[in-house]
There are 2 protein chains.
Amino acid sequence: MEDLKKSMQPASSNIIESRIIQAVLSEEISPGERLGEKDLGEIFGVSRTLVREAMMRLSSRGIVAVSPRRGWFVIEPTVEEARETIEARRSVEIGLLMNQKIISVDMIKQLEAHVLEQQRAIDENDLGRRSYLLGHFHVQLAAALGNSILANILEELTTRIVLIAALYQSKADAQQSCDNHRRLVNALRVNKVEEAIKIMDAHLTYLDKALNTRLRKHELSGKLSN
Amino acid sequence: MEDLKKSMQPASSNIIESRIIQAVLSEEISPGERLGEKDLGEIFGVSRTLVREAMMRLSSRGIVAVSPRRGWFVIEPTVEEARETIEARRSVEIGLLMNQKIISVDMIKQLEAHVLEQQRAIDENDLGRRSYLLGHFHVQLAAALGNSILANILEELTTRIVLIAALYQSKADAQQSCDNHRRLVNALRVNKVEEAIKIMDAHLTYLDKALNTRLRKHELSGKLSN
DNA sequence: GTATTCTATCTGGTATACAAGATCCGCCGA
DNA sequence: TCGGCGGATCTTGTATACCAGATAGAATAC
């Protein structure tokens, strides 16, 4: 959490907010981590007022929550919330693809470039960047499909997914995600919407299954330790 | 705006936030309306601090926006944003219906009761309540389909739709909306998902068309007045 | 009479002050 | 040695103070 700050100027509350989202996406901060107003204020060189503004917005997006007089904490979704988040994302992404207009050549190129970046991060073993890019791809996709509102919603949902993955999932296969993204872009380029939807659906089902597996493990270890 | 307050106790920022959403849904406050921190503070009996917290969250949900040193204003979506909002809602609602699990009898009953309430508000000509219930039905629907996260997202989107309708749409036919809701619930009860999706899609297309019509009027009057 | 500039006032932007609950740690007693 | 009690300390909750930008209106210049 000490490395959140990047520039030397005092930051606005918007900057704080997006830095924290970015930090979650890059797995720099983990579910359950405490984010003290005082600490953050010192890190970003501002008073608690601006920190609180950022936290307020982050809490309204379901990224952090406050425990009265104890502090702000990055949320730790319960299994139920995790399921709902995955289902919500499935609804949004499938709906997004189904309502797809024709996607421009430029956009396809941009998405392909993004996938290449992902591959590079994987090859260079840049873990934070890798996590960030793999999540951010879906935001990019929504933006490419021409809807900034859905892009916003997906940013919220993918951020939560990263938290969920950190909690319940065995390390996701980054390479497989990246491959899926590549196949998705390919399908979109030749306008095979059906296939794109299938890929997306499979991707999310995979996520959900991983969640189930991990959950069963939790239950098991719970029983063993009692 | 003077009637926002309901209870006599000083309100928390959460209460302020939900009261304002409710007020927008009931068309008590209109797009473009100014919401001064000082005024709201006096209305709710709290300092500007709490008002600001509420505004911060509302702005993160795209309901209000701040104009620096001038004040907070209920957003007036541009035509482009209106389109994106309608499309976003289409994606979310269709995705929601497609991923539907079996819906319980209790939930169907609850939705039917909600529709009856809508009808009553229409019959009694209770305009605010009518607007509120017609919008809130979709939130209820998402909740009934078991996803509180999507319900939250839909609350945000329907609130914006009310603002859009106030700006661009000729008075929507409330009776028709209510009838659509009834048909939707009927389709869900006998598990005709396909039909439910069709009804929903038509509903939103109708919205979008109304937007187009009104837009052409705008353009026309713009040309005439220049 | 009109346009312009200046100033009084109002608004949000940010920091700080102070209140009150939560926590931690040392002390005391059994 | 262990458990409960009490206060010191730390944290957020809320109000307030003060600053600076925006606005409106009066006074002024033309």
Side-chain angles (χ1 to χ4, degrees), chain A residues 1-2 4-21 23-24 29-76, chain B residues 1-2 4-21 23-24 29-76:
Chain A
M1 166 170 151
E2 304 74 36
L4 281 174
K5 185 139 190 255
K6 283 190 162 170
S7 105
M8 281 303 121
Q9 282 101 40
S12 76
S13 66
N14 292 305
I15 294 178
I16 298 176
E17 182 185 9
S18 56
R19 256 314 271 136
I20 287 181
I21 288 181
V24 171
I29 55 186
S30 321
E33 188 159 337
R34 180 166 173 279
L35 302 173
E37 293 182 2
K38 189 161 162 284
D39 299 343
L40 287 175
E42 281 165 8
I43 290 172
F44 288 103
V46 296
S47 80
R48 282 176 51 214
T49 307
L50 295 190
V51 174
R52 286 201 116 226
E53 288 186 359
M55 295 320 246
M56 237 67 220
R57 286 197 293 244
L58 286 169
S59 72
S60 124
R61 303 178 73 176
I63 312 294
V64 304
V66 68
S67 170
R69 316 230 178 220
R70 293 194 342 107
W72 296 86
F73 298 84
V74 178
I75 59 155
E76 303 182 88
Chain B
M1 164 167 153
E2 303 74 36
L4 280 175
K5 185 141 188 252
K6 283 189 164 170
S7 108
M8 281 302 120
Q9 280 102 39
S12 78
S13 65
N14 292 307
I15 294 178
I16 298 176
E17 182 186 9
S18 55
R19 255 313 273 134
I20 287 181
I21 288 181
V24 171
I29 54 186
S30 321
E33 188 159 337
R34 181 166 172 280
L35 302 173
E37 293 183 2
K38 190 162 162 286
D39 299 344
L40 287 176
E42 283 165 7
I43 288 173
F44 287 103
V46 296
S47 78
R48 283 176 49 217
T49 307
L50 294 191
V51 173
R52 285 202 116 228
E53 289 185 357
M55 294 322 246
M56 235 68 220
R57 286 197 294 243
L58 286 168
S59 73
S60 123
R61 302 179 74 176
I63 312 293
V64 303
V66 67
S67 170
R69 318 238 173 213
R70 292 194 341 108
W72 296 87
F73 297 84
V74 179
I75 59 155
E76 303 182 88

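Just so it is clear, the structure is predicted and the values come from calculations on it, not from any experiment. Each chain gets a letter, A, B and so on, in the order its sequence line appears, and its residues count up from 1.
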Checklist entry - At their closest point, which heavy atom of A/Ala54 faces which heavy atom of A/Ser13, and how far apart are they? => result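 Answer, listing the atom of A/Ala54 first, then A/Ser13: CB-O, 3.6 Å.
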Item to check | Shortest non-hydrogen separation from B/Val64 to B/Met55 and the atoms involved | outcome: CG2-O, 3.8 Å
Measure [atom1]/[X] against [atom2]/[N] and give the value in whole Å, please.
{"X": "A/Glu53", "N": "D/dT12", "atom1": "CD", "atom2": "P", "result": "16 Å"}
{"X": "B/Phe73", "N": "D/dA22", "atom1": "CZ", "atom2": "C1'", "result": "11 Å"}
{"X": "A/Leu40", "N": "C/dT14", "atom1": "CG", "atom2": "C1'", "result": "17 Å"}
{"X": "A/Ile15", "N": "C/dT14", "atom1": "CD1", "atom2": "P", "result": "11 Å"}
{"X": "B/Trp72", "N": "D/dA22", "atom1": "CH2", "atom2": "P", "result": "16 Å"}
{"X": "B/Arg70", "N": "D/dG21", "atom1": "CZ", "atom2": "P", "result": "16 Å"}
{"X": "A/Lys38", "N": "D/dT11", "atom1": "NZ", "atom2": "P", "result": "6 Å"}
{"X": "B/Ile16", "N": "D/dA15", "atom1": "CD1", "atom2": "C1'", "result": "13 Å"}

Once side chain to side chain donor-acceptor pair (under 3.5 Å) is applied, do any residues pair with [X], and if so which ones, sequence neighbours excluded?
{"X": "A/Arg69", "answer": "none"}
{"X": "A/Ser18", "answer": "none"}
{"X": "A/Ser30", "answer": "none"}
{"X": "B/Thr49", "answer": "B/Ser47"}

Checklist entry - By salt bridge (Lys or Arg N to Asp or Glu O under 4.0 Å), which residues pair with B/Glu17, not counting sequence neighbours? => result B/Arg57, B/Arg61
Item to check | B/Val66 side chain, from C-beta outward: closest of C/dG12, D/dT12, C/dA15 | outcome: C/dG12
Checklist entry - Would you say D/dT14 has OP1 or OP2 under 4.0 Å from some side-chain N or O of B/Thr49? => result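 The answer is no; no side-chain N or O of B/Thr49 sits under 4.0 Å from OP1 or OP2.
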Checklist entry - For C/dC10, does OP1 or OP2 lie under 4.0 Å from any side-chain N or O of B/Arg34? => result no
Interface polar pairs with nucleotides 17-19 of chain C, N/O, under 3.5 angstrom:
none

